[in-house]
Asker: 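Take a look at the following structure, please.
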Number of protein chains: 2
Amino acid sequence: MTDPLSRTFLALADPTRRAILAQIADGAQTVSAIVAANGLSQPGISKHLKVLEGAGLIRRERVAKTRPVHLDAAGLQKAAGWIDHYRQHWEGAFDRMDALIDQLKAEEAKNGRQ
Amino acid sequence: MTDPLSRTFLALADPTRRAILAQIADGAQTVSAIVAANGLSQPGISKHLKVLEGAGLIRRERVAKTRPVHLDAAGLQKAAGWIDHYRQHWEGAFDRMDALIDQLKAEEAKNGRQ
DNA sequence: GTTAGATATTACCGATAGGAAATATAACTA
DNA sequence: TAGTTATATTTCCTATCGGTAATATCTAAC
């Protein structure tokens with residue numbers, strides 16, 4: 001019952017779930033393939049997939065008996081968007097620091113000439 | 001005892017903690033100021049700050065009696081870096097889709113000329 | 001050194017997460 | 001229709017989370 005962004009970050013806060021995303025990044029995989037790749041039980045994987053789906057990070061379709069799992073960019077974009085807001089801040093901070101360093105160097109050079 | 005990236009994402013998976021980061025994005029704030037801004041109790045805020053510090057998202061210094069809380073770019077950069085890896089994937093997917101649309105348009109135009 | 005203010009730590013609570021095992025459902029196949 | 005495969009759901013356990021209240025610690029000022 002939490003907000004979508006929290007759900008997305010919570011979904012990313014688990015190594016198994018990040019491994020699943022890494023596994024399907026290059027193309028859809030069946031649940032069985034994901035179970036085989038990770039050491040977990042099948043119900044355990046299904047639970048993780050449910051969390052990822054609820055966070056908008058994966059989509060599932062139905063192909064015959066299997067339910068291939070796809071990466072969904074929408075959820076990741078939301079998370080990236082939130083972080084990007086702060087990236088502007090810290091890159092700004094780096095820029096200001098660079099400017100400060102340049103200024104200090106310039107003054108140092110000027111003092112050297114005195 | 002979990003891995004650093006999980007700790008970072010877990011720290012971001014809470015609205016109160018994201019609000020704290022938003023509040024200190026433009027400059028350090030004291031714990032009291034953060035307590036006043038959010039509706040929570042002081043120990044509650046201290047707990048959240050501990051989580052944020054463990055995730056490398058904030059730093060704390062000591063200035064007289066207060067402990068100003070600063071945004072720390074390091075943790076955010078790790079999280080952003082992880083997501084960026086997948087951003088390349090999904091932007092690649094968009095590019096490929098754009099290329100496909102261009103190709104379809106080109107063929108359509110060619111057929112139109114026939 | 002005593003006192004006051006700012007913050008951290010501890011103890012406790014209810015809710016939820018992550019995990020395994022058992023069971024149920026859904027769809028292909030014989 | 002019965003059997004088999006793929007996946008989902010339920011149940012149960014323990015650990016952790018988010019919250020509050022009470023207490024402790026650290027620093028500055030007197």
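Note on naming: letters A, B, ... go to the chains in the order of the sequence lines (proteins, then strands), and numbering restarts at 1 for each one. Worth knowing before you read on, the calculation uses all heavy atoms, side chains too, and leaves out hydrogens, waters and symmetry mates.
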Asker: By the 4.0 Å heavy-atom rule, please label B/T66 as base, sugar-phosphate, or nothing.
Answerer: sugar-phosphate
Asker: With the sugar-phosphate defined as primed atoms, P, OP1 and OP2, and the base as all remaining atoms, what B/S/- string results for nucleotides 20-27 of chain C, 5' to 3', for protein heavy atoms under 4.0 Å?
Answerer: BBB----B
Asker: Determine which pairs satisfy ring pair (Phe, Tyr, Trp, His ring centres under 6.0 Å) with at least one residue from residues 9-50 of chain A, sequence neighbours left out, and list them in order.
Answerer: A/F9-A/W82
Asker: Rounded to the Å, how far apart are B/I45 CD1 and C/dT9 C1'?
Answerer: 16 Å
Asker: I'd like to check the side-chain hydrogen bond (donor to acceptor under 3.5 Å, both in side chains) partners of B/D84; sequence neighbours left out, ordered by chain and number.
Answerer: A/R87, B/R87
Asker: Could you tell me how far apart B/L10 (CG) and C/dT16 (C1') are, to the nearest whole angstrom?
Answerer: 12 Å
Asker: Give the minimum heavy-atom separation between B/A19 and B/N38, together with the two atoms involved.
Answerer: CB-OD1, 3.8 Å
Asker: Rounded to whole Å, how long is the line connecting atom CG of B/D14 with atom C1' of D/dG19?
Answerer: 11 Å
Asker: Once side-chain hydrogen bond (donor to acceptor under 3.5 Å, both in side chains) is applied, do any residues pair with B/T16, and if so which ones, sequence neighbours excluded?
Answerer: none
Asker: Just grab all the salt bridge (charged side-chain N to carboxylate O under 4.0 Å, His left out) pairs involving residues 8-23 of chain A, residues at least two apart or on different chains.
Answerer: A/R18-B/D3
Asker: Roughly, in whole Å, what's the span from CZ in A/R67 to P in C/dC28?
Answerer: 12 Å
Asker: With sequence neighbours excluded, tell me which residues meet side-chain contact (heavy atoms from CB on, under 4.5 Å) with B/T30.
Answerer: B/S32, B/A33, B/T66
Asker: Return the value, rounded to whole Å, for the distance between atom CG of B/N38 and atom C1' of D/dG18.
Answerer: 14 Å
Asker: Taking only residues two or more places apart in sequence, or in another chain, which ones meet B/R67 in a salt bridge (Lys or Arg N to Asp or Glu O under 4.0 Å)?
Answerer: none
Asker: Do any pairs count as a salt bridge (charged side-chain N to carboxylate O under 4.0 Å, His left out) and have a residue in residues 53-64 of chain A, sequence neighbours left out, and if so which ones?
Answerer: A/E53-A/R60, A/R59-A/D72
Asker: In the hydrophobic clustering (ILVMFWY, side-chain contacts below 4.5 Å, transitive), which residues join A/L10, or is it alone?
Answerer: B/L10
Asker: Please give, in whole Å, the distance from D/dA6 P to A/I34 CD1?
Answerer: 14 Å
Asker: In this structure, how many angstroms lie between the C1' atom of D/dG18 and the CD1 atom of B/I20, rounded?
Answerer: 12 Å
Asker: Please list, by residue number, the residues of residues 49-60 of chain A whose heavy atoms come closer than 4.0 Å to an atom of DNA chain D; answer none if no residue qualifies.
Answerer: A/K50, A/R60
Asker: Please tell me if A/H48 has a side-chain N or O lying less than 4.0 Å from either OP1 or OP2 of C/dG19.
Answerer: yes
Asker: Return the minimal non-hydrogen interatomic distance between A/T8 and A/A55, and the atom names on each side.
Answerer: OG1-O, 3.3 Å
Asker: Tell me which residues in residues 21-29 of chain B put a heavy atom below 4.0 Å from DNA chain D, sorted by number, or none.
Answerer: none
Asker: Please list all pairs passing the ring pair (Phe, Tyr, Trp, His ring centres under 6.0 Å) test where one or both residues lie in residues 51-76 of chain B, with sequence neighbours left out.
Answerer: none
